[in-house]
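One structure is given here, and the rest of the page talks about it.
Computed from heavy atoms alone, side chains included, the values below leave out hydrogens, waters and symmetry copies. Each chain gets a letter, A, B and so on, in the order its sequence line appears, and its residues count up from 1.
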Amino acid sequence: MEYLGLSEQEILRREALKELINLGINPYPAAEYKTTTNTKDILDRFSDDNLPEDLKNVSLAGRLMTRRIMGNASFAELQDEKGRIQLYFRRDDICEGEDKTMYNQVFKKLLDIGDIIGVKGFAFRTQMGEISVHVKEFTVLSKSLHPLPIVKEKDGKVYDAFSDPEQRYRNRSMDLIVNPQVKEAFIKRTMLTNSMRQFLNGKGYLEVETPILQPMYGGAAARPFKTHHNTLDQTLYLRIADELYLKRLIVGGFDGVYEFAKDFRNEGMDRFHNPEFTQMELYVAYKDYNWMMDLVEEMVEKIAIDTNGTTKIQVGENIIDFKRPWKRYTMFEAIEHFSGIDISQMDEQQLVEVAKKVGVEVDASMGKGKLIDEIFGECCESKLIQPTFITDYPIEMSPLAKKHRSKEGLVERFEAVCNGKEICNAYSELNDPVDQRYRFEQQLLLAKRGDEEAMMLDEDFLTAMEIGMPPTAGLGIGIDRLSMIMTNSVSIQDVLFFPQMRPEKKDTFNLEDYTALGISEEWAKVIFKCGITTVKQLKEMTPQKLHPVLCGMNKKHKLGLQNPTMDEIAEWLSK
RNA sequence: CGGUCCGUAGCUCAGCUGGUAGAGCACCUGACUCUUAAUCAGGGUGUCGAGGGUUCGAGCCCCUCCGGACCGACCA
């Protein structure tokens with residue numbers, strides 16, 4: 001009964017599990033398995049002439065990935081976190097006495113690909129020249145009941161790769177086991193954050209944590225996820241940014257704070273967007289955006305070297321070079337450079353004309369700033385492959401950035417664009433509480449015009465600013481986007497372990513529906529498994545049709561149930 | 001939300017003009033004490049994503065739905 005719904009291979013593995021237990025072998029032992037080495041260590045340190053002493057007696061553990069059985073000797077491959085190594089088993093080494101069970105039964109019959117075992121033995125080189133471990137003793141550490149995809153490789157060419165994106169994302173464990181390059185991308189992502197953290201700590205900035213559940217969302221233009229706190233009987237939002245909290249800490253007297261923040265935006269999903277994503281935000285007192293540009297260049301250059309050993313990164317068809325200094329354009333310069341149109345002196349009506357000309361869909365809710373941003377997006381962004389700073393944005397788009405020190409209508413803001421996508425966003429932060437209140441009020445006007453993403457007015461934040469915030473430079477840098485570039489990934493899903501997916505919809509089994517017809521629990525499950533998942537479907541059957549189906553299932557899956565008679569089935573269907 | 005494509009065995013995929021579900025690997029039975037995509041001899045293990053329709057007959061044609069990928073919209 002318990003095997004119902006399982007494939008042949010899964011049933012066989014469960015039977016092997018029982019057999020192991022019958023032989024007195026615990027397939028899931030509790031005790032620590034002491035290892036002395038790992039696959040990579042052996043391969044690195046092996047020497048034909050002068051084998052290190054400790055490799056003459058090794059203990060290591062991992063997952064069995066292939067087996068090549070040749071009667072009384074076998075080769076297998078063991079995979080651990082660091083890699084793979086070949087194992088050599090001989091019956092008479094595994095079983096010293098007359099009892100050959102450990103080899104003939106346990107190794108040959110009861111182990112499967114995917115099982116986790118520990119082995120003891122010695123390192124050696126085979127006649128064909130492959131460094132291997134000659135196994136003297138093995139221990140089952142975890143029996144695998146679910147078959148793995150079988151991926152074969154020869155001369156660097158991979159056969160039967162486990163490549164279906166849906167399967168891979170839904171079953172990331174499997175993906176990581178059989179696709180080593182997937183693991184590498186995630187290791188690189190961690191190297192990236194380690195590198196960034198090290199850089200920031202080295203400058204003396206303090207890593208902090210601020211609320212993810214916020215009574216009011218702000219710091220970015222986006223739609224939030226909304227939730228509710230029962231005790232407070234209050235609406236809370238998952239943060240879309242942590243900017244407004246980090247600035248309160250600057251007000252509080254920390255001169256450099258940063259946070260690796262999971263942010264949440266309730267918007268579309270595509271290969272550049274996941275509803276939850278990671279951003280690093282940094283605020284440093286007494287600095288401005290020019291200073292911050294230098295910091296970003298220095299930091300990202302270091303990250304490229306730390307993750308890839310070079311400033312030149314292959315991304316798709318392009319080689320992107322993060323070596324300092326990066327190109328810098330003002331936004332107006334960039335638009336003029338790529339489109340030949342100088343919009344720096346234009347009014348809103350003229351901008352509408354330009355926007356239409358370059359192919360932007362214009363609607364009434366768009367202010368001057370939005371129009372300029374759209375024109376930039378259309379003309380420039382995708383053409384900026386090498387890391388480039390775009391500076392001096394229109395004030396309407398940037399309610400938290402300080403007015404430009406010399407250019408009317410602009411703010412001291414920059415973005416770094418790379419491979420056609422924004423990777424960071426930074427300002428000389430607005431610290432004038434009067435101006436900040438005015439900017440929030442302008443946002444409210446935009447909201448009235450229909451801009452769904454206009455910011456809310458945050459009184460608590462304004463109070464903090466009224467206490468007095470030092471002049472401050474702020475930065476937000478997209479960790480997922482940067483990881484995509486550093487790992488040459490085409491989709492954000494390749495740098496998130498568990499990207500958001502729609503849940504698989506499965507028919508739900510409702511036992512009472514069946515027992516109400518006088519069907520036993522066992523047979524109800526069988527009927528459900530046959531694909532008759534509703535009572536309505538069941539009623540449409542005839543006893544003549546159903547009887548052989550059920551008896552067939554019973555026989556095929558070795559359920560050992562008493563087959564129902566035709567009359568019994570007729571009775572179920574008649575109720 | 002719109003367009004294009006996809007969903008068949010544990011995995012990768014084939015399946016013609018509608019006519020009894022196929023291959024490789026995996027798996028099962030057997031052989032083999034240095035193999036490595038091991039090999040050799042046998043064995044097909046499947047609600048063809050779900051539901052409905054057309055038809056004598058549907059994996060294939062039509063409709064609806066579910067899930068996914070890509071492009072676009074939206075989203076800094």
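- Nucleotide B:A9 holds its P atom 10 Å from the CD atom of A:Q167, rounded to whole Å.
- Distance check: A:C424 SG to A:E415 CD gives 7.5 Å after rounding to the nearest 0.5 Å.
- Partners of A:R67 under the side chain to side chain donor-acceptor pair (under 3.5 Å) rule, at least two apart in sequence or in another chain, do not exist in this structure.
- Using a 4.0 Å cut-off between a side-chain N of Lys or Arg and a carboxylate O of Asp or Glu, A:R172 and A:D175 qualify as a salt bridge.
- Under the 3.5 Å distance criterion, with hydrogens and angles disregarded, no donor-acceptor pair is assigned to the side chains of A:D164 and A:Y169.
- A side chain to side chain contact (heavy atoms under 4.5 Å, CB included) with A:S428 is found for exactly one of A:E412, A:M292, A:H404, namely A:E412.
- In this structure, A:E374 reaches neither bases nor backbone, as no heavy-atom distance under 4.0 Å exists between it and the strands shown.
- Each of A:T66 and A:H146 was assigned the nucleotide of RNA chain B with the nearest heavy atom; the assignment lying further toward the 5' end belongs to A:H146.
- Within 4.0 Å (heavy atoms only), A:F162 reaches sugar-phosphate atoms of the nucleic acid but no base atom.
- One C1' atom belongs to B:A21, the other to B:U45, and the distance between them is 13 Å to the nearest Å.
- Residues meeting the salt bridge (charged side-chain N to carboxylate O under 4.0 Å, His left out) test with A:R271, sequence neighbours left out: none.
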Writing each nucleotide of RNA chain B 5' to 3' as (, ), [, ], | or . by Watson-Crick or G-U pairing under 3.5 Å yields (((((((..((((.....[..))))((((((.......))))).)...(((((..]....))))))))))))....
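- Scored by the salt bridge (charged side-chain N to carboxylate O under 4.0 Å, His left out) test, A:K402 finds no partners at all (sequence neighbours excluded).
- Taken from CG in A:L60 to CG in A:L87, the straight-line distance is 7.0 Å, to the nearest 0.5 Å.
- A:A220 comes within contact range of no nucleotide atom at all, as no heavy-atom separation falls under 4.0 Å.
- For B:A9 and B:C48, the C1' atoms lie 10 Å apart once the distance is rounded to whole Å.
- In this view, A:E153 satisfies the salt bridge (charged side-chain N to carboxylate O under 4.0 Å, His left out) rule with no residue, not counting sequence neighbours.
- Using C1' as the reference atom, B:C62 and B:G2 are 22 Å apart when rounded to the nearest Å.
- Nucleotides B:U54 and B:G15, compared at atom C1', are 22 Å apart to the nearest Å.
- Side-chain N/O atoms of A:R271 include one lying less than 4.0 angstrom from OP1 or OP2 on B:C71.
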N/O contacts under 3.5 Å, protein versus nucleotides 25-36 of chain B?
from  : atom 1 : to     : atom 2 : distance (Å)
B:A26 : OP1    : A:K152 : NZ     : 3.3
B:A26 : N3     : A:Q9   : NE2    : 3.0
B:G30 : OP2    : A:K109 : NZ     : 3.1
B:C32 : N3     : A:I69  : O      : 3.4
B:C32 : N3     : A:G71  : N      : 3.0
B:C32 : N4     : A:G71  : N      : 3.2
B:U33 : OP2    : A:N72  : N      : 3.3
B:U33 : O4'    : A:A73  : N      : 3.4
B:U33 : O4     : A:D92  : OD2    : 2.2
B:C34 : O2'    : A:Q127 : OE1    : 2.7
B:C34 : O2     : A:Q127 : N      : 2.8
B:U35 : O2     : A:R68  : NE     : 2.8
B:U35 : O2     : A:R68  : NH2    : 3.3
B:U35 : O2     : A:Q86  : OE1    : 3.2
B:U35 : N3     : A:Q86  : OE1    : 2.9
B:U35 : N3     : A:Q86  : NE2    : 3.0
B:U35 : O4     : A:Q86  : NE2    : 2.9
B:U35 : O4     : A:T126 : OG1    : 2.7
B:U36 : O4'    : A:R68  : NE     : 3.1
B:U36 : O2     : A:Q86  : OE1    : 3.2
B:U36 : O2     : A:E130 : OE1    : 2.6
B:U36 : N3     : A:E130 : OE1    : 2.6

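- Atoms CG (A:L87) and P (B:A38) sit 14 Å apart, rounded to a whole Å.
- A:Y159 places its OH atom 15 Å from the C1' atom of B:C13, with the value rounded to the nearest Å.
- A salt bridge is absent between A:K40 and A:D80; no separation between the charged side-chain nitrogens and carboxylate oxygens falls under 4.0 Å.
- With no hydrogens or angles considered, no side-chain donor-acceptor pair links A:N104 and A:R91 at under 3.5 Å.
- B:U64 and B:G22 are spaced 32 Å apart, taking the P atom of each and rounding to whole Å.
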Might you list the N or O atoms of the protein lying below 3.5 Å from N or O atoms in nucleotides 2-5 of chain B, with each pair's distance?
none

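- Atom CZ in A:R502 sits about 13 Å away from atom C1' in B:A69, given to the nearest Å.
- Place A:V151 and A:E422 on RNA chain B by their nearest nucleotides, and A:V151 ends up nearer the 5' end.
- On the P atoms, B:G52 is 30 Å away from B:C13, given to the nearest whole Å.
- By the neighbour-count criterion of 12 heavy atoms within 6.0 Å, atom CD of A:E96 is sparsely surrounded, having that number or fewer from other residues, nucleotides or ligands.
- In this structure, CE of A:M269 is placed 11 Å from C1' of B:G68, rounded to the nearest angstrom.
- Straight-line distance between the C1' atoms of B:U39 and B:U20: roughly 34 Å, to the nearest whole Å.
- Protein atom CG of A:D270 is 9 Å distant from nucleotide atom P of B:G72, rounded to whole Å.
- Nucleotides B:U12 and B:A58, compared at atom C1', are 26 Å apart to the nearest Å.
- Taking a 4.0 Å limit (strictly below) on heavy-atom distances, residues 474-484 of chain A does not reach RNA chain B anywhere.
- Applying the salt bridge (charged side-chain N to carboxylate O under 4.0 Å, His left out) rule to A:E243 yields the partners A:K247; only residues at least two apart in sequence or on another chain are considered.
- Here B:C70 presents its C1' atom at 16 Å from NE2 of A:H273, a figure rounded to the nearest Å.
- Residue pairs meeting the salt bridge (charged side-chain N to carboxylate O under 4.0 Å, His left out) criterion with at least one member in residues 380-399 of chain A, sequence neighbours excluded, are A:D392-A:K407.
- By the side chain to side chain contact (heavy atoms under 4.5 Å, CB included) test, A:K403 pairs with A:I395, A:D435, A:R439, sequence neighbours left out.
- By the ring-ring contact (aromatic ring centres under 6.0 Å, His included) test, A:Y237 is found to be paired with A:Y217, residues two or more places apart in sequence or in another chain being considered.
- Between the CZ atom of A:F272 and the P atom of B:C74 there is a distance of 16 Å, given to the nearest Å.
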